[in-house]
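Notes follow the structure.
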Amino acid sequence: MVRKASGSGSASRKIRVPKNIEPVEVEEVEEEEYDEADDLNAYVPDPEIGDRYISRRLFGGHWDVDILTYALENKKNVLLMGDTGAGKTMLSRAYAAKAGMLYYSLPCDVSIDPSALFGKIVPTEEGGFEWVDGPVTQLVRYGGVLNISEINFMPPRIAASLYPLLDSRRQLPLLGNRGEIIEAHEDLLIVADMNPQYRGTTDLNAAFKNRFPIKVPWGYDKRVESHLVKNKELLSFAEKLRAKVGTELRTPVATNMLLEFEEHESALGLDFASENFLAAFEDTERGAVKQVYDVHKGNIKKFYDDERAKAEAGSAKDRMRNAVESASDDEDEIEIMDDEFEFEMED
Ligand SMILES: Nc1ncnc2c1ncn2[C@@H]1O[C@H](COP(=O)(O)OP(=O)(O)OP(=O)(O)O)[C@@H](O)[C@H]1O
Ligand SMILES: [Mg+2]
């Protein structure tokens with residue numbers, strides 16, 4: 001199992017992962033250390049993200065957040081490999097939010113200027129020059145969670161700067177700052193992610209992959225989705241579509257597409273939600289998706305209709321109870337009115 005967080009002078013506190021998931025111990029980064037960093041670009045994510053995140057179990061029954069704690073304590077980089085919109089990026093943000101750690105997501109974009117990540121020399125008010133850390137450097141100095149998003153698209157000039165940080169040296173050389181070499185902070189967790197199998201993506205080169213001792217395949221998780229998506233028929237529709245990805249379909253059915261379906265259904269109605277869902281697929285796929293949807297549509301609609309009827313009955317009952325309570329202090333009378341109301345509703 002994951003060993004308890006240790007480390008001199010650093011506090012340790014319990015974080016609680018949502019929905020009946022066991023608490024884990026993570027090391028808290030000392031707040032006063034942040035003060036040393038002027039103008040932090042890295043940030044502690046909103047705790048709301050930590051509360052919203054639903055954890056999943058990985059191989060061997062370990063919770064994803066426990067694996068991150070293990071990686072943090074043992075200085076092992078983590079690589080999440082898998083489907084789009086499956087919560088890979090959210091995991092590292094949620095972890096940082098729960099642990100109160102600094103967070104930065106490094107975009108792997110060819111146009112990115114290394115100085116925006118590592119830092120640069122800027123003029124001072126006094127007429128001199130000084131070095132200002134970029135967000136990656138800040139995390140290496142002060143600790144935090146560094147997410148490397150879509151690492152298989154990392155431009156070679158950024159990769160070259162990161163190699164010594166990602167291997168056992170755990171050092172970041174700052175050529176722009178007279179060759180300063182920073183030893184990574186005790187509490188630096190590096191989590192990269194990638195979608196390996198899609199068109200337009202490339203695989204990760206072996207030297208890079210080798211720098212991630214923890215590699216986690218990351219597909220869509222049934223248990224997570226059953227917590228996030230209310231409509232079970234929508235989930236079985238998604239399952240049917242996913243069975244066709246790789247043969248009839250190419251577009252993945254992402255977890256967030258299902259969440260958006262429910263959001264749109266609630267705000268804009270079922271027709272909008274379903275057309276919007278279909279629009280995510282390529283022209284050549286839409287016919288096949290529509291065919292499967294038509295099989296499930298009736299039950300998907302019934303679920304939302306029933307939910308609305310229940311909600312309306314609930315609020316009618318609340319209104320009735322409030323009216324009776326304000327008209328009478330007699331508990332028995334209130335109970336009789338409640339029973340009568342239930343009876344009427346059953347009719
Ligand atoms: N475990 C989860 N708990 C709560 N929400 C989730 C979870 N997994 C996915 N989501 C929802 O799906 C959205 C997309 O997740 P995220 O951006 O982390 O996916 P990703 O795997 O990084 O995708 P990509 O590979 O395209 O970057 C989230 O913003 C969230 O709304
Ligand atoms: Mg992502």
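What you see is a predicted model; the values in this text were computed from it and never measured. Values reported hereafter were calculated over all heavy atoms of this structure, with side chains retained and with hydrogens, waters and symmetry mates removed. Order of listing sets the numbers, starting from 1, for every ligand and every atom in it.
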Is the shortest N/O to N/O distance between [X] and ligand 1 below 3.5 Å?
X	result
Leu228	no
Asn195	yes
Thr89	yes

Aromatic ring pairing Phe277/Phe261, orientation class (parallel under 30°, perpendicular over 60°, tilted between):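 If you compare the ring of Phe277 with that of Phe261, the planes turn out perpendicular.
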Flag for Thr251-Glu285: side-chain donor and acceptor within less than 3.5 Å: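 Short answer, yes.
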Check: Tyr304/Ser266 side-chain N/O donor and acceptor closer than 3.5 Å: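 Ser266 and Tyr304 do not have a side-chain donor-acceptor pair below 3.5 Å.
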Arg57 to Trp63, cation-pi by 6.0 Å centre distance and 45° axis angle: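 Ring-cation test returns yes.
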Check: Tyr142 ring centroid to His185 ring centroid under 6.0 Å: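 When the ring centroids of Tyr142 and His185 are compared, they turn out to be at least 6.0 Å apart.
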Heavy-atom nearest neighbour of atom 10 (N) of ligand 1 within options Glu150, Glu225, Met90: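 Checking each option, the heavy atom nearest atom 10 (N) of ligand 1 is found in Met90.
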Residue selection (non-hydrogen contact nearest atom 14 (C) of ligand 1) among Gly85, Ser92, Gly82: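 Minimum heavy-atom distance to atom 14 (C) of ligand 1 goes to Gly85.
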Ligand 1 versus Asp83: contacting region, heavy-atom distance under 4.0 Å: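 It is the backbone that gets close, since no side chain atom is under 4.0 Å.
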Thr84, portion touching ligand 1 at heavy-atom distance under 4.0 Å: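 Under 4.0 Å from ligand 1, Thr84 contributes backbone and side-chain atoms.
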Qualifying residue, where the test is side chain to side chain contact (heavy atoms under 4.5 Å, CB included) with Asp193 and the options are Asn147, Leu91, Val78, Ile151: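 Considering Asn147, Leu91, Val78, Ile151, a side chain to side chain contact (heavy atoms under 4.5 Å, CB included) with Asp193 is found only for Asn147.
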Minimum-distance protein heavy atom relative to atom 15 (O) of ligand 1: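 Minimum-distance protein heavy atom for atom 15 (O) of ligand 1 reads Gly87 N, 3.5 Å.
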For atom 21 (O) of ligand 1, closest protein heavy-atom neighbour: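 Looking at atom 21 (O) of ligand 1, the protein heavy atom closest to it is Lys88 NZ, 2.7 Å.
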2.8 Å cut-off met by an N, O or S atom of Thr89 to the Mg ion (ligand 2):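 For Thr89, the answer is yes, given that an N, O or S atom comes within less than 2.8 Å of the Mg ion (ligand 2).
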Which of the ligand 1 atoms, numbered from 1, are nearer than 4.0 Å to a heavy atom of Tyr53: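 Checking each atom against Tyr53, I get 1 (N), 2 (C), 3 (N), 4 (C).
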Candidate pair Phe208 and Tyr163, rule ring pair (Phe, Tyr, Trp, His ring centres under 6.0 Å), full reasoning: CA-CA 8 Å; Phe208 232 148; Tyr163 272 141; 5.3 Å; yes
